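Note that the coordinates shown come from a computational prediction; the quantities given were computed from them, not determined experimentally. One-based numbering along the sequence shown.
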Amino acid sequence: HLPWDHPFYDIARHQIIEVADDNFGRKVIVFNACRMPPQHQLDHHKLLYLKGTLDQYVESDYTLIYFHHGLTSENKPSLSWLRDAYREFDRYKKNIKALYIVHPTMFIKTLLILFKPIIFKFGRKLNYVSYLSELEDVVKCEQLVIPARVKYDNKLRASLKPTSLPPVSPPRSPPLPNQVFGVPLRKRSPDGDPVPVVMRNTISFLSEQLEIEGIFRRSANVTLVKEIQLRYNSEAVNFREMEDVHLAAVILKKFLRELPEPLLTYQLYNDIVNFAVPSDSQVTVMKTLVESLPEENYAALRYLITFLAQQVTANSDVNKMTNSNLAVVFGPNLLWGRDNAMSLSAIGPINNFTQCLLDQQH
């Protein structure tokens with residue numbers, strides 16, 4: 001989505017980098033090796049434009065996924081470039097929680113052995129993933145923009161002997177009668193309130209914790225997140241008993257991201273992604289868009305945006321969560337495409353629209 005005269009346009013247009021969210025409320029940076037152009041067509045040092053993407057997310061915990069399939073003798077970078085890149089990206093290693101290398105070959109494993117003296121501590125965060133299906137524990141693959149060339153698990157399985165075939169993921173079970181996560185918004189909660197109980201619980205607790213630096217930017221204990229999701233299907237959850245701010249923040253984001261249809265709805269997707277309205281008419285247009293939402297979506301959105309704009313941002317001197325930072329965190333959780341994927345070309349406009357909502361909440 002860079003203009004054609006941008007110094008990194010010729011590398012950005014290859015869509016080597018994509019951004020998504022994982023199952024634990026963290027950002028996922030996806031690197032597609034198959035989209036790397038050959039060295040004779042493009043100076044690989046321009047790949048350092050990746051820093052521009054990372055700068056938006058590295059202050060929070062994040063995950064890196066590297067799709068190795070498609071790296072060839074023509075487009076693979078030199079060892080000296082890899083060494084320089086590792087040093088160049090040194091500051092980005094602090095908050096990376098995991099690096100997943102998908103479809104690793106003997107070449108990449110050997111390469112990492114050679115680099116072991118340099119990446120000793122970082123190596124503990126490295127994980128090999130042989131099949132896309134194994135990624136489901138980390139991130140919903142349907143949320144990723146995965147190149148067609150990378151989707152070749154069936155071909156890999158066919159090449160294996162029957163005894164060495166990996167387990168196939170079982171089909172997803174239907175939702176439970178009282179399921180809260182991953183189901184459509186109901187017009188009314190069981191207690192008659194139009195705002196979902198998860199949003200009310202988490203926001204009520206978080207409104208008392210607004211001086212925590214990095215609120216909404218940190219991940220939470222994976223086991224606890226899953227436990228809380230299950231508990232919501234049968235009982236109320238009291239976050240004050242657990243006193244875990246980041247757990248409540250992750251649960252709020254996860255609830256929004258697991259809705260079958262985004263809070264801002266598929267119907268408004270094109271209007272928001274192409275939102276280019278003069279500043280003097282922005283409020284009128286935005287008001288028309290959000291008032292066209294279904295009643296339950298409007299109620300939930302208003303509740304969320306009011307909390308973020310009036311309470312969280314008011315403490316931004318301490319918690320560092322300005323409207324701009326909140327938009328980066330919540331934008332991808334409020335809107336995505338029908339294919340569930342989030343491309344970098346859409347993330348910018350969605351975040352901009354979210355910031356406009358926050359700026360003009362009153």
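To the nearest 0.5 Å, the span separating OH on Y269 from CG on N274 amounts to 9.0 Å. With values rounded to the nearest 0.5 angstrom, I101 atom CD1 is found 11.5 Å from F31 atom CZ. Summarising the geometry, atom NZ belonging to K254 is positioned 5.0 Å from atom CD belonging to Q229; distances are rounded to the nearest 0.5 Å. The CD1 atom of I305 lies 11.0 Å from the CD atom of Q310; values are rounded to the nearest 0.5 Å. Atom CG of L334 and atom CD1 of I272 lie 8.5 Å apart (nearest 0.5 Å). Atom-to-atom distance recorded for L259:CG and F181:CZ is 9.5 Å, nearest 0.5 angstrom.
T306 places no side-chain N or O within donor-acceptor distance of the main-chain N or O of Y303, the cut-off being under 3.5 Å. A donor-acceptor pair is defined here as one N or O able to donate and one able to accept, closer than 3.5 Å; no such pair exists between the side chain of T354 and the backbone of V328. Side-chain atoms of S316 do not come within 3.5 Å of backbone N or O of V312 as any donor-acceptor pair. Judged purely by atom type and a 3.5 angstrom limit, T202 uses its side chain to pair as donor or acceptor with the backbone of M199. No side-chain donor-acceptor contact under 3.5 Å links N32 to the backbone of C34. Proximity of a side-chain donor or acceptor of N319 to a complementary backbone N or O of L210 within less than 3.5 Å is detected. Under the 3.5 Å distance criterion, the side-chain polar atoms of N201 are left unmatched by any main-chain donor or acceptor of N238. A donor-acceptor pair is defined here as one N or O able to donate and one able to accept, closer than 3.5 Å; no such pair exists between the side chain of R231 and the backbone of V237.
Shown here for E211 and V318, the closest heavy-atom pair between the two residues is O-CG1, 3.2 Å. Between I16 and P37, the shortest heavy-atom distance links the atoms CD1-CD, 4.0 Å. Among all heavy-atom pairs drawn from A98 and N127, the shortest one is CB-ND2, 3.9 Å. Here the closest heavy-atom approach between residue L289 and residue L268 is recorded as O-CD1, 3.5 Å. Nearest heavy-atom pair across R240 and S204 is NH2-OG, 2.9 Å. Contact record, A300 with P196: CB-CD, 4.0 Å, taken as the closest heavy-atom pair.
Side chains of N325 and R217 form a contact here, defined as non-hydrogen atoms less than 4.5 Å apart. S324 is not listed as a side-chain neighbour of L358, based on a closest heavy-atom distance of 4.5 Å or more. Between N333 and F255, the closest side-chain pair of non-hydrogen atoms is not below 4.5 Å. Between M321 and V329 the shortest side-chain heavy-atom distance falls below 4.5 Å. Considering only heavy atoms from C-beta on, P184 stays 4.5 Å or farther from E296 through its side chain. Using a 4.5 Å heavy-atom cutoff, the side chains of L357 and V290 are in contact. In this structure the side chain of I228 reaches within 4.5 angstrom of the side chain of M242, judged on heavy atoms. Taking the side chain as every heavy atom from C-beta outward, V102 and Y66 never approach each other to under 4.5 Å.
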Residues V245, L206; criterion side chain to side chain contact (heavy atoms under 4.5 Å, CB included); working and verdict: CA-CA 7 Å; V245 178; L206 291 168; 3.8 Å; yes

Side chain to side chain contact (heavy atoms under 4.5 Å, CB included) between Y266 and W336, intermediate numbers included: CA-CA 8 Å; Y266 295 132; W336 55 87; 3.6 Å; yes

Check against side chain to side chain contact (heavy atoms under 4.5 Å, CB included), L304 and L252: CA-CA 10 Å; L304 174 68; L252 174 60; 4.2 Å; yes

Criterion side chain to side chain contact (heavy atoms under 4.5 Å, CB included) on L263 and L185, from CA distance to verdict: CA-CA 9 Å; L263 198 60; L185 289 175; 3.5 Å; yes

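Remark: R35 CZ is packed, more than 12 non-hydrogen atoms of other residues, nucleotides or ligands lying under 6.0 Å away. More than 12 heavy atoms of other shown residues, nucleotides or ligands fall within 6.0 angstrom of atom CD in E291. With a 6.0 Å radius and a threshold of 12 heavy atoms from other residues, nucleotides or ligands, Q267 has its CD atom at or below the threshold.
Following chains of ILVMFWY side-chain contacts shorter than 4.5 Å, one can reach Y128 starting from L99, so the two form part of one hydrophobic cluster. Criterion: ILVMFWY side-chain heavy atoms under 4.5 Å apart, direct or through other members. Under it, V285 and F353 are part of a common hydrophobic cluster.
Between F239 and Y232, the ring planes are tilted. Angles from 30° to 60° get that label.
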